[in-house]
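Accompanying notes for the structure given below.
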Amino acid sequence: MQEIADHWNIDYIKMPHWNQPTHIQNMLEFIEDESIEMLWVSGTNPMVSLPHLAKVRKLLTKPDLFLVCQDIFPTETTAVADVVLPAAQWSEKTECFTNADRTMHLANKAVDPPGEARSDLDIFLDFARRMEFKDKEGNPLCPYKEPEEVFEAWKRMSFDRPCDCSALSYAKLHGGSGITWPYTAEYPLGRERLFDDGKFFTDEDYCESYGHDLETGAPFTKAQYTAMAPAGRAILKPAHYVPPMEEPDENFPLRLLTGRNVYHFHTRTKTACN
């Protein structure tokens, strides 16, 4: 967090340094106790996709919650939003994205977005400009105008992290069928496989979190994690089988399975410049 604050030239206290990123279930709790009064939803439909939908719908339609929804077409969430921001889809914007296997791609804009639709990057940069976000010197916090500028900023922040791409150029992403991170002086073509040296990102001073108990969900403390002696080893966690609370019967004979197989799994993680 300190490195990010230095890069953005803002005070450390303005960074969310006191906790890990807040996941959606915690956000819903904060909406319920009114410590979150605005929610910006981008590219997803929580009014349909989240569990406990009755509670989700009640919270997202609270009169005192200001809901912004950014999407490429109308959804159940845009229907209840206070503000709807029409976004461009994949062929209507230049974007860099990373697949689940660490392969990075650059997709160039093929056509202009219709109507008032704009790329996610344009929307976020315009928001930053209208809010007049500034750094410590009074300069614009987000001075970028083109996707490549954002990519270069992300590259600098990736240095010495698992996804280090500090040696990758924007031009390199234009060729071939993608490049796997990390892309460094040590791996000038990208690293095909991680952990082939038997070293994992588990050192207690390097890992992002200490994990949690698979049965209770309780987070491990640093002392508990240290007791595992991670030292760059892979950590395998056993858990006892817990039977479902309800089994099929004559009245309800079906069992719902929400698992994915390899041909169904197609989630991709966006990185820096869409």
Side-chain angles (χ1 to χ4, degrees), residues 1-27 29-30 35-36 96-104 133 135-137 141-142 144 150-169 172-173 178-240 265 267-273:
M1 286 298 138
Q2 183 65 62
E3 291 178 18
I4 296 174
D6 293 341
H7 175 80
W8 284 82
N9 192 26
I10 60 176
D11 292 322
Y12 175 70
I13 192 63
K14 294 184 178 180
M15 298 296 299
H17 57 280
W18 51 85
N19 202 355
Q20 298 175 40
T22 307
H23 60 70
I24 182 59
Q25 293 302 323
N26 280 348
M27 289 184 186
E29 293 179 7
F30 297 151
S35 59
I36 284 183
C96 178
F97 62 91
T98 306
N99 288 99
D101 67 347
R102 298 180 291 110
T103 303
M104 298 174 289
F133 294 142
D135 65 12
K136 290 192 293 187
E137 308 301 327
L141 184 64
C142 300
Y144 318 113
V150 181
F151 175 79
E152 291 297 326
W154 174 80
K155 260 176 52 179
R156 291 192 294 272
M157 286 306 306
S158 75
F159 178 71
D160 202 30
R161 289 173 167 78
C163 60
D164 188 337
C165 289
S166 53
L168 178 62
S169 70
K172 284 283 187 181
L173 285 173
I179 296 172
T180 52
W181 59 257
Y183 192 102
T184 62
E186 184 180 359
Y187 300 103
L189 300 177
R191 185 174 181 179
E192 182 180 4
R193 297 184 184 278
L194 287 179
F195 315 126
D196 52 0
D197 56 359
K199 179 71 173 177
F200 292 78
F201 309 129
T202 56
D203 286 345
E204 62 188 72
D205 294 327
Y206 188 81
C207 62
E208 187 176 66
S209 73
Y210 302 129
H212 61 275
D213 185 277
L214 294 182
E215 295 181 31
T216 66
F220 289 135
T221 65
K222 183 175 182 178
Q224 289 173 310
Y225 187 77
T226 301
M228 299 179 189
R233 298 183 300 118
I235 297 176
L236 304 179
K237 298 180 184 178
H240 294 98
F265 186 75
T267 302
R268 70 184 188 183
T269 302
K270 297 290 183 68
T271 52
C273 49

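The closest donor-acceptor contact from the side chain of Arg191 to the backbone of Glu186 lies at 3.5 Å or more, if one exists at all. Panel note: side chain Asp203, backbone Tyr206; no donor-acceptor pair is recorded below 3.5 Å. With hydrogens and angles ignored, the 3.5 Å screen pairs a side-chain donor or acceptor of Tyr183 with a backbone N or O of Pro188. Judged purely by atom type and a 3.5 angstrom limit, Glu215 uses its side chain to pair as donor or acceptor with the backbone of His240. With Thr202 contributing its side chain and Gly232 its backbone, the two residues share a donor-acceptor pair below 3.5 Å. Proximity of a side-chain donor or acceptor of Asp101 to a complementary backbone N or O of Thr103 within less than 3.5 Å is detected. No donor-acceptor pair closer than 3.5 Å links the side chain of Tyr187 to the backbone N or O of Trp181.
No more than 12 heavy atoms of other residues, nucleotides or ligands sit less than 6.0 Å from atom NZ of Lys172. No more than 12 heavy atoms of other residues, nucleotides or ligands shown are found within 6.0 angstrom of CD on Glu3. Atom CD of Gln2 is surrounded by more than 12 heavy atoms from other residues, nucleotides or ligands within 6.0 Å.
Of all non-hydrogen atoms in Trp8 and Cys142, the two that sit nearest each other are CZ3-SG, 3.7 Å. The two residues Ile10 and Asp135 come nearest to each other via the heavy atoms CG2-CA, 4.1 Å. The shortest heavy-atom contact between Phe159 and Ser166 is CD1-OG, 3.6 Å. Heavy-atom minimum distance, Pro162 versus Pro182: O-CB, 3.7 Å.
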Next on the checklist: Test side chain to side chain contact (heavy atoms under 4.5 Å, CB included) on Ile4 and His7; report intermediate values, then the result.
Outcome noted: CA-CA 5 Å; Ile4 296 174; His7 175 80; 5.5 Å; no

Next on the checklist: Is there a side chain to side chain contact (heavy atoms under 4.5 Å, CB included) between Cys165 and Phe151? Walk through the geometry before answering.
Outcome noted: CA-CA 10 Å; Cys165 289; Phe151 175 79; 5.8 Å; no

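Ring pair Phe201/Phe195 is perpendicular by interplanar angle, where above 60° counts as perpendicular and below 30° as parallel.
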